[in-house]
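The residues of the chain are indexed from 1 along the displayed sequence. Scope of the values below: all heavy atoms of this structure, side chains included, with no hydrogens, waters or symmetry mates.
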Amino acid sequence: WKTVAFTHDAAGRSTIDSASRAAAMRRARTEVVALARAWVGSQPTTLRAHAAMIDAYIAAADYDGALAELGRYRALVPSDPESPFVEARIHFAAGDVDRAAATLRGALDTTEPADFQHLEGNPTVFEDLASAANVFAYIGDVGNAARALDLADRARREVYGGLVSPQSFF
């Protein structure tokens with residue numbers, strides 16, 4: 001067990017001190033990476049395991065690790081239309097907004113809703129497409145933000161038959 005130091009706020013309530021909280025966050029991030037790595041190790045062909053590994057690396061701010069895991073994912077499924085959207089999300093999280101936007105522009109120019117047909121039932125498609133809109137909105141590129149949202153909506157209607165609520169990804 002780890003020792004946690006408590007302090008009191010102005011109202012007299014007990015709170016965890018910032019050093020203990022920071023240490024707990026580091027331990028949690030390390031553990032989530034280890035758990036995702038174990039999943040990938042036990043089921044190396046399970047693409048959701050690779051996605052969990054990428055998310056774990058992003059949560060741990062290990063963007064190089066996330067990009068390397070994406071590379072391993074792409075080796076298994078080189079034509080996955082979601083990959084450039086995931087790559088852009090990694091770059092954006094790392095603070096490389098220009099590279100994220102450049103990756104997304106290329107993806108929007110080459111991706112159609114039907115490309116996601118084999119991913120039917122996978123809600124991360126909408127998360128990644130909505131993230132694309134956020135990147136463009138962040139840099140003030142409203143036109144491409146609208147294109148990303150339009151692609152998400154068309155995929156929702158054409159691939160998922162409109163079964164996914166637009167509110168679930170906007």
Only one of Met53, His50, Glu87, Arg89 passes side chain to side chain contact (heavy atoms under 4.5 Å, CB included) with Leu70; say which it is. Glu87
Compare all side-chain heavy atoms of Phe136 with those of Leu108 and state whether any distance is below 4.5 angstrom. yes
Any chance you could measure Gln117, atom CD, to Glu112, atom CD, to the nearest 0.5 Å? 13.0 Å
At what distance, to the nearest 0.5 angstrom, does CG of Asp98 lie from CG of Asp96? 6.5 Å
With side chains defined as the heavy atoms from C-beta onward, is the minimum distance between Asp62 and Val33 less than 4.5 Å? no
Shortest non-hydrogen contact between Pro78 and Ala75, atoms and distance: CD-O, 4.1 Å
Taking all non-hydrogen atoms of both residues into account, name the closest pair between Ala36 and Ala56 and its distance. CB-CB, 4.1 Å
Among the clusters formed by ILVMFWY side chains lying less than 4.5 Å apart, do Val142 and Leu104 turn up in the same one? no
Could you check if a side-chain atom of Phe116 sits within less than 4.5 angstrom of a side-chain atom of Thr111, using non-hydrogen atoms only? yes
Where is the tightest heavy-atom contact between Thr110 and Asp115, given as atom of each residue plus distance? O-OD2, 3.7 Å
Sequence neighbours left out, what pairs pass ring pair (Phe, Tyr, Trp, His ring centres under 6.0 Å) with at least one residue falling in residues 81-103? Phe92-Tyr138
Gap between atom CG of Asn134 and atom CD1 of Ile139 - 0.5 Å precision: 12.0 Å
Arg147/Asp141 ion pair, N-O < 4.0 Å: no
Are Ile90 and Glu69 side-chain neighbours, meaning at least one heavy-atom pair lies under 4.5 Å? no
State, yes or no, whether a side-chain contact exists between Pro84 and Arg74 at a heavy-atom distance under 4.5 Å. yes
Rounded distance [0.5 Å steps], CZ in Arg72 versus CD1 in Ile54: 9.0 Å
Could you state whether Tyr63 and Tyr73 fall into the same hydrophobic cluster, counting links through intermediate Ile, Leu, Val, Met, Phe, Trp or Tyr residues with side-chain heavy atoms under 4.5 angstrom apart? yes
Using a 4.5 Å cut-off on heavy atoms from C-beta on, say whether the side chain of Arg37 contacts that of Val40. no
Heavy-atom closest pair (Ala100 atom, Ala88 atom, distance to 0.1 Å) is CB-O, 3.3 Å
Please give me the minimum heavy-atom distance between Ala152 and Leu129, naming the atom from each residue. CA-CD1, 3.5 Å
How about CZ on Arg154, more than 12 heavy atoms from neighbouring residues, nucleotides or ligands closer than 6.0 Å, or not? yes
